[in-house]
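What follows is one structure encoded as structure tokens, with my remarks underneath.
Every chain is numbered from 1 and lettered A, B, ... according to where its sequence line falls, protein lines coming before strand lines.
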2 protein chains.
Amino acid sequence: MTVAFDVLAEPSRRHILDLLLAAERPVADLVAATAMSQPAVSKHLRVLREAGLVSVRTDAQRRIYRVRVEPLRTIDEWLRPYRQLWSSRLDALEHRLDTMDSSEPGGDAPAASTRAAE
Amino acid sequence: MTVAFDVLAEPSRRHILDLLLAAERPVADLVAATAMSQPAVSKHLRVLREAGLVSVRTDAQRRIYRVRVEPLRTIDEWLRPYRQLWSSRLDALEHRLDTMDSSEPGGDAPAASTRAAE
DNA sequence: GACGCATATGCCTTGACGGTTATATGCCTG
DNA sequence: CAGGCATATAACCGTCAAGGCATATGCGTC
């Protein structure tokens, strides 16, 4: 799980995965779709492969990549105890009562790109 | 979501979250539990805070931290389309048919660090 | 078997991140 | 108001990973 999280922390990687979710694709396809250099894509694919998040099929010179979801289950598992919170527990309320100091001044934006640190 | 994934890629941070999942805690508690230096913990808490993953309540000199699950929902959302795959679709089978070249020679290990590339 | 395409890999640079130590801030107590 | 906690921040360093370019490898074609 550690692995999966780490691998998916990379936006490019999630992007690739999302592309592959629609359909399996050869590398060239991904290169075109992501506007990254071919080596960069290949590197990401390697990482994804090593994390078990994609599988490869060799078709002549092409390598067709496909999503593998197994590792994602681990993330899902990790998420489970927390999932209970946003269904049963009164999280959204509670935090609104205490925080108030540095987050959401008025709206209810889920804190997307708040980081201003570095 | 980008943020949440990135933040949770850090094992220490997941650890902290897991600790806070059991109960809200002051920083000193986390320092003790994680065996990290106090500044290190504070930094992680800052990151978690900015990602909206924890909230703080000030109790005298203590700062009590608590889990906030809202950002996790976004991860859950992202996960959703994939989740269908491991329930309905025949992912585990499919990959086993094509891959075969570099993964799981015999068992059914979830492909954590199987590659022998380097 | 030489050429060309598709992909992988090596090497290198750069930037971001985690951890450490030292210090600032805030609050409570005497 | 001086001293001491609890926590945050600053400055700094080492590491590591992502991306670029150049090149190797594999395979099909002629």
Winner on side-chain proximity to B:P26, out of C:dC17, C:dG26, D:dT7, is D:dT7
Residue-phosphate contact under 4.0 Å: A:R13 side-chain N/O, D:dA18 OP1/OP2
yes
**Request:** Let me see the working for B:R14 and B:E10 under salt bridge (charged side-chain N to carboxylate O under 4.0 Å, His left out), right down to the final yes or no.
**Result:** CA-CA 6 Å; B:R14 283 201 304 276; B:E10 251 293 316; over 6 Å; no
A:L8 CG to D:dA18 P, in whole Å, measures 12 Å
A:F5 CZ to D:dA17 C1', in whole Å, measures 19 Å
Of the listed C:dC28, C:dT20, D:dT9, the closest approach to the B:A60 side chain comes from C:dC28
Practice problem: Confirm from the modelled atom types if B:K43 and D:dT7 form a donor-acceptor pair under 3.5 Å, side chain to base only. | Solution: no
Per nearest nucleotide of DNA chain D, the residue lying toward the 5' end, B:V27 or A:V47, is B:V27
* Assess whether one donor atom and one acceptor atom, taken from the side chain of A:Q38 and the base of C:dA6, lie less than 3.5 Å apart. => no
Using OP1 and OP2 only, check whether a side-chain N or O of A:S37 sits under 4.0 Å from D:dG19. no
Here the distance between atom P of D:dC5 and atom CD1 of B:I64, to the nearest Å, is 19 Å
Using side-chain heavy atoms (C-beta onward) and a distance below 4.5 Å, is A:T34 in contact with A:V41?
yes
B:I16 CD1 to D:dT7 C1', in whole Å, measures 14 Å
Side-chain N or O of B:R63 closer than 4.0 Å to phosphate OP1/OP2 of C:dC27 | no
Among D:dG20, D:dA8, D:dA6, the one nearest any side-chain atom of B:Q61 is D:dA6
Margin query: Can you tell me whether the side chain of A:E10 and the base of D:dA17 have a donor-acceptor pair closer than 3.5 Å?
Written below: no
note: B:R46, atom CZ; D:dA10, atom P; distance rounded to Å ~ 7 Å
note: A:L45, atom CG; C:dA8, atom P; distance rounded to Å ~ 6 Å
Taking C:dT20, D:dA18, C:dA8 as options, the one with an atom nearest any side-chain atom of A:H44 is D:dA18
Here the distance between atom C1' of D:dA18 and atom CD of A:E50, to the nearest Å, is 15 Å
Note: B:P71 and B:A51 closest approach over all heavy atoms is CG-O, 3.3 Å
A:D29 CG to C:dT7 P, in whole Å, measures 9 Å
Tested for side chain to side chain contact (heavy atoms under 4.5 Å, CB included) against B:L53, the lone hit among B:V47, B:L8, B:V67 is B:L8
Comparing nearest nucleotides in DNA chain D, the 5'-proximal residue of the pair A:P39, A:S12 is A:S12
Is it true that A:E77 and A:R73 have a side-chain N and a carboxylate O under 4.0 angstrom from each other?
no
Exactly one of A:V54, A:D29, A:I16 clears side chain to side chain contact (heavy atoms under 4.5 Å, CB included) with A:Y65, and that residue is A:V54
- Query: Think A:Y65 has a side-chain N or O under 4.0 angstrom from the OP1 or OP2 of C:dA8?
  - Reply: yes
